[in-house]
2 protein chains.
Amino acid sequence: MPRESRGTVTLADVARAAGVSLATASFVLSGRGGSRSAGSAETKKKVRAAAAELGYVPNRHAQAMRTGRGGGVVLALGTLDDPWGVQLTAQVRDDALAHDLSTLVLADERWYEYLLGASADAALVTSVDFVADGPDRVRRLASSTHTGIIAFSAQMEPEGFDVVSSTPVRAIGRAYHRLRARHDRVQLLAPDLGRRVGGTLAHPRTRAFLEAAREHGDPGEQRVHIVPEGSHETYLAGLEWLRGPDLPEAVICFTGYQAVALQLAAERAGVRVPEELEIVSIGDVPAKSEFFGPISYYGVDDVFVRLARIIVDRAVDREDRPGSLHTFDWEFFPGTTTRDTDGAS
Amino acid sequence: MPRESRGTVTLADVARAAGVSLATASFVLSGRGGSRSAGSAETKKKVRAAAAELGYVPNRHAQAMRTGRGGGVVLALGTLDDPWGVQLTAQVRDDALAHDLSTLVLADERWYEYLLGASADAALVTSVDFVADGPDRVRRLASSTHTGIIAFSAQMEPEGFDVVSSTPVRAIGRAYHRLRARHDRVQLLAPDLGRRVGGTLAHPRTRAFLEAAREHGDPGEQRVHIVPEGSHETYLAGLEWLRGPDLPEAVICFTGYQAVALQLAAERAGVRVPEELEIVSIGDVPAKSEFFGPISYYGVDDVFVRLARIIVDRAVDREDRPGSLHTFDWEFFPGTTTRDTDGAS
DNA sequence: GTAAGCGGTTCATTCCACTGG
DNA sequence: TCCAGTGGAATGAACCGCTTA
């Protein structure tokens with residue numbers, strides 16, 4: 001049973017209880033076995049026993065201050081309100097736990113300030129491309145902290161940090177092409193982003209759509225259907241759309257939840273999918289939120305597993321790796337909302 | 001422009017640049033203004049300017065180690081996969097930002113180990129009652145760290161930490177009563193919890209339902225309808241239920257997402273709500289996930305605002321307050337899934 | 001302004017038992 | 001038998017950046 005002395009149990013307490021020096025205790029409990037003097041088997045046992053007995057938990061801050069690491073894995077997701085982040089977090093948590101690292105999600109947007117003073121083991125930054133100064137800040141972080149940075153960006157090159165490049169731009173082109181082969185009018189359902197990132201029309205996804213339309217000689221701007229954000233709003237707007245005069249027949253959805261809402265609206269309006277309306281989502285739709293059959297989508301195979309592995313690898317690896325570029329390719333995953341049956345591009 | 005010397009900017013750098021001593025710089029940048037020598041206005045300006053110029057960010061770990069605080073606000077939610085936590089986090093983030101505190105969500109279940117070595121400013125622990133040793137660990141945390149603990153528990157008394165007591169038990173009784181007045185059979189829709197927390201039937205919510213049924217002389221066990229977890233699964237099971245021989249007429253839903261799924265299933269099955277089926281949710285349903293009209297529910301008025309205030313208060317207040325008990329009362333919020341029009345219990 | 005830590009990590013050093021010439 | 005040489009085990013002490021007497 002842990003002695004409840006009167007406060008925190010420190011390494012010094014453990015060392016005293018085990019009858020060894022502070023340095024030795026530290027070596028046993030945290031030093032890499034590969035080091036010179038790993039300690040005798042006997043000593044190790046004693047120290048470990050004492051630590052367990054006292055319920056010793058290392059002070060992360062002391063540890064982090066000395067080594068520049070130890071803060072665990074930090075995920076700067078920007079918003080929690082996104083199933084993508086939720087799924088990623090679950091996977092990272094599982095992987096990290098195997099290495100005794102805790103996983104933290106930063107809930108605000110100040111990743112730069114936070115990470116500068118935090119010494120995490122590894123950190124994922126997703127909003128690099130969407131924030132002024134993003135790339136600069138990532139570089140600065142990588143050069144002045146020991147934190148392993150993983151930048152989600154389509155524009156950066158790795159320099160001492162990893163870069164994950166995963167852009168749906170080409171996928172959108174292919175989606176357009178795919179649907180255009182069967183329909184005269186292919187439309188984009190997009191959320192109203194207000195003034196964020198320059199507005200909906202300036203967003204890379206919309207731009208990719210417009211570009212694809214242009215290649216086919218179609219009037220892209222007229223094919224973009226902007227609705228308010230949120231599931232409920234999208235559902236309502238979708239209902240109106242499907243019952244109105246401008247009935248769509250082939251729709252690319254900007255994001256997963258919109259596809260879910262549109263599918264539901266179609267169900268409700270009595271529009272048969274995919275016979276009368278084909279729907280393709282950009283980005284995968286979490287199984288948990290799909291009420292009806294699976295939605296056809298473009299996405300990255302095994303994103304979460306792959307991304308989590310990259311992150312946790314960075315956290316575990318103490319070496320100064322140069323940093324690598326991971327390019328994620330988007331593929332088509334047919335569901336029940338399109339007439340395709342195979343995954344050919 | 002920030003000098004990019006070659007590493008981290010420390011307080012010493014700032015002091016040197018400003019031409020003052022380390023102590024002075026520390027006083028100006030972090031010391032409470034109330035202290036003895038706050039420094040002359042002139043000095044303050046110089047130091048602040050130097051800090052800004054260099055892009056100084058205090059090292060949280062050093063700060064935390066010295067003071068026992070500084071880790072920001074930590075929310076030990078266990079999982080992000082719950083809209084309740086997401087909504088709370090958003091509110092806490094807003095409140096905390098006003099005090100320059102960052103908000104972190106701990107994604108794994110090891111809150112005890114994490115907090116023991118972390119010196120957060122404040123931490124919310126939600127799973128106290130559902131984990132062996134929970135209360136003990138909370139006490140130990142409060143006594144051996146400076147972190148302000150807020151324990152979400154219906155069983156504990158505050159002892160140097162705050163306790164938020166918010167149990168739906170009585171609300172479930174009232175819901176039963178409310179529906180029973182109009183129906184012979186009131187049922188509970190619950191997720192299959194497997195062996196967690198002792199199984200669905202052992203969960204406090206289920207127990208409260210059974211108790212309520214017993215009071216009315218109803219066979220409670222027969223009225224519990226257990227379905228697999230997840231929106232989609234619940235939707236499918238709900239469909240089957242509504243089309244089967246055991247058609248329900250009044251259902252209390254264990255949790256919000258189940259109510260959403262059931263409402264959807266009813267819509268799909270052509271069962272009119274609330275005319276043929278009344279639905280009450282235990283716990284509020286996030287507006288964003290409601291496709292149809294608002295669902296009637298029992299919940300706590302302004303939970304998120306109130307809870308966030310409690311948490312951030314604890315984080316900001318450096319005094320050793322004794323800790324207080326906050327009791328949250330559950331009320332009825334009528335929506336369109338019941339025939340009630342007023343909120344009377 | 002000076003200086004003493006907070007709790008760990010880690011380099012340089014001492015200590016020791018044992019080898020072989 | 002004695003002693004320089006050797007390498008593993010354990011320790012001393014500096015130090016990370018900041019707060020505060």
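Just so it is clear: chains get the letters A, B, ... in the order the sequence lines come, proteins before strands, and each one is counted from 1. Bear in mind that the values here come from a model prediction, so they are computed numbers and not experimental data.
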Could you let me know what dT1(D) is paired to, Watson-Crick or G-U wobble, both distances under 3.5 Å, or none if it's on its own?
none
Under 3.5 Å, is there a donor-acceptor pair linking the side chains of Asp129(A) and Ser153(A)?
yes
For His61(B) and His61(A), take the angle between the two ring planes, folded into 0 to 90°, and tell me which bin it lands in: parallel under 30, tilted 30 to 60, perpendicular over 60.
tilted
Pair up each side-chain donor or acceptor in residues 154-161 of chain A with any protein partner under 3.5 Å, not counting sequence neighbours, and list the distances.
residue   : atom : partner   : partner atom : Å
Glu159(A) : OE2  : Arg139(A) : NE           : 3.1

Only one of Thr147(B), Asp121(B), Asp162(B) passes side-chain hydrogen bond (donor to acceptor under 3.5 Å, both in side chains) with Arg314(B), and that residue is Asp162(B)
When all nucleic acid strands are considered with a 4.0 Å heavy-atom cut-off, which category describes Thr24(A): base, sugar-phosphate, or nothing?
base
Hey, is the side chain of Ser26(A) poking within less than 4.0 Å of OP1 or OP2 on dT9(C), counting only N and O atoms?
yes
Distances for protein N or O near nucleotides 12-16 of chain D N or O, under 3.5 Å:
residue : atom : partner  : partner atom : Å
dC15(D) : O2   : Arg66(A) : NE           : 2.9

Length of the CD-C1' vector between Gln63(A) and dG17(D), whole Å
17 Å
Write down the distance between NE2 (His146(B)) and C1' (dT20(D)), rounded to a whole number of angstrom.
15 Å
Just to confirm, is there a sub-4.0 Å distance from OP1 or OP2 of dT9(C) to any side-chain nitrogen or oxygen of Ser30(A)?
yes
Let me know the distance between NE2 of His61(B) and P of dG5(C), rounded to the nearest Å.
24 Å
When the distance from CZ of Arg16(A) to P of dG7(C) is rounded to whole Å, what number comes out?
12 Å
Lys/Arg N to Asp/Glu carboxylate O, Arg110(A) vs Asp100(B), below 4.0 Å:
yes
Pairs involving residues 304-313 of chain A, ordered by first then second residue, that meet side-chain hydrogen bond (donor to acceptor under 3.5 Å, both in side chains) (sequence neighbours left out)
none
Which whole-number value in Å describes the distance from Arg60(A) CZ to dT9(C) C1'?
16 Å
Let me know the distance between CG of Leu11(A) and P of dT9(C), rounded to the nearest Å.
7 Å
